[in-house]
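These numbers were taken from a predicted model, which means no experiment stands behind them. Protein chains get the first letters and strands the later ones, always in sequence-line order, with residue 1 at the start of each.
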Number of protein chains: 2
Amino acid sequence: MNELAEIKEDFVTQWGALGSQWGVNRTMAMIHALLLVSPKALTTDDIMLELSVSRGNANTNLRELVSWGLIRQIVIKGERKDHYEAEKDTWKIFCIVARERKRRETEPASKVLSHCIDRSKKIKSAEGKELHQQLTALNDFVDLANTIMEKVASKEQSALLPKVLKLLA
Amino acid sequence: MNELAEIKEDFVTQWGALGSQWGVNRTMAMIHALLLVSPKALTTDDIMLELSVSRGNANTNLRELVSWGLIRQIVIKGERKDHYEAEKDTWKIFCIVARERKRRETEPASKVLSHCIDRSKKIKSAEGKELHQQLTALNDFVDLANTIMEKVASKEQSALLPKVLKLLA
DNA sequence: TTAGGTTTTCAGAAAATACTGAAAATATAA
DNA sequence: TTATATTTTCAGTATTTTCTGAAAACCTAA
């Protein structure tokens, strides 16, 4: 194997191992990495071969990646098999990940908190007030995080980055 | 069980279920939630009883929470057992979570990318250049996220929030 | 010391998650 | 339509993660 292929393989493998820390399974992370560094679109069979995974596994994770918007199906004239290519624009990738995390992390948390806050409103004891206050403080924060992710992910990169850097100066 | 206790129990249970989405195991999330809404510090036995978990499980997760800085051990005069209480300041909680995510997510990613970028520098082919460029773009982004988390988490809440809100207006 | 109380560790069990492979469903060409 | 290629589904299996419970280690008071 040539050096280039070795580096790619190394990247794909290690990125897959990182996946679990990011809340995605190994295969999904590896497929994403593979497509990110592939100059051309790949078929399910290409991916099965390259990563040594089953057809079912490849299929499931390809569909999941498509549903996230991290990869897309493309049609190649004269070919029957589906081909997949990754979104390579890093800002778009960032926006997609931010949106997904909001959906999976902060929104459910806010839902749980809101529900409990609602119920705690009625409690008049000092301890009840304290609970209400603590949950509300948490929820305000989670909502703020929600709003920030929402807004950031919907902006153009060029409009935002200079401002962020200035803010942190 | 009175209404207040019910609400707390509900919160603890549901927060625990959310934990997995945040990359924390259920018990750790539940212990954290329990201490967050507990007006007084609790012992390992209190927690075992309240959450129906084993001593080993409680002990391990309490230690993990302490190591994150989300809870602390406190000594109560005349008592032999360790007592634990949660950090309740939401901004501090946010900073801790941000720091930990940086450590577990963006730093390892950056490490993998840097290493591959280093190796890809040598490759002279067009495809090699393309790989190098793609990995670099990814790494720039991950590093930026790193820097932002770092800076945000080290600032006072009062200094930062107004600016963030203005930025997103 | 030492005896009893408390915490830590860790091997094995249980639960949750991910993967395989083959059958079923679907799509396309002849 | 029929034959063939391709994709999807899912029951069963494998792997990983989490949890238990009891033994070992560690404290503290007497």
Of the candidate nucleotides [options], which contains the atom at the shortest distance from the side chain of [X]?
{"X": "Lys81(B)", "options": "dT7(C), dT8(D), dA5(D)", "answer": "dT7(C)"}
{"X": "Arg80(B)", "options": "dC19(C), dT20(D), dG5(C)", "answer": "dG5(C)"}
{"X": "Arg26(B)", "options": "dT7(D), dC19(D), dT6(D)", "answer": "dC19(D)"}
{"X": "Asn25(A)", "options": "dT9(D), dT4(D), dC19(C)", "answer": "dC19(C)"}

Separation of [N] [atom2] from [X] [atom1] (nearest whole Å):
{"X": "Met48(B)", "N": "dT20(D)", "atom1": "CE", "atom2": "P", "value": "9 Å"}
{"X": "Glu64(B)", "N": "dT7(C)", "atom1": "CD", "atom2": "C1'", "value": "17 Å"}
{"X": "Ile31(A)", "N": "dC19(C)", "atom1": "CD1", "atom2": "C1'", "value": "12 Å"}
{"X": "Asn61(B)", "N": "dT8(C)", "atom1": "CG", "atom2": "P", "value": "13 Å"}
{"X": "Leu62(A)", "N": "dT7(D)", "atom1": "CG", "atom2": "C1'", "value": "11 Å"}
{"X": "Met30(A)", "N": "dA18(C)", "atom1": "CE", "atom2": "P", "value": "15 Å"}
{"X": "Asn59(B)", "N": "dC27(D)", "atom1": "CG", "atom2": "P", "value": "13 Å"}
{"X": "Lys77(B)", "N": "dT28(D)", "atom1": "NZ", "atom2": "P", "value": "17 Å"}

Flag the pair Lys81(B) / Thr44(B) as yes when at least one side-chain heavy-atom distance between them is below 4.5 Å, and no otherwise.
-> no
Value rounded to 0.5 Å, distance of CD in Gln14(A) from CG in Leu18(A) = 7.5 Å
Would you say the side chains of Thr136(B) and Asn139(B) form a donor-acceptor pair under 3.5 Å?
-> no
Is there a donor-acceptor contact under 3.5 Å linking the side chains of Thr13(B) and Asp10(B)?
-> no
Base, sugar-phosphate, or nothing for [X], non-hydrogen atoms under 4.0 angstrom?
{"X": "Thr43(B)", "answer": "nothing"}
{"X": "Arg63(B)", "answer": "sugar-phosphate"}
{"X": "Thr27(B)", "answer": "sugar-phosphate"}

Residue mapping more 5' on DNA chain D - nearest nucleotide basis, Val24(B) or His83(A) | His83(A)
Heavy-atom nearest nucleotide on DNA chain D taken for Ser20(A) and for Gly56(A); more 5' hit belongs to Gly56(A)
Please step through side-chain contact (heavy atoms from CB on, under 4.5 Å) for the pair Glu3(B) and Arg119(A), ending with a clear verdict.
-> CA-CA 9 Å; Glu3(B) 174 82 359; Arg119(A) 294 179 65 195; 4.1 Å; yes
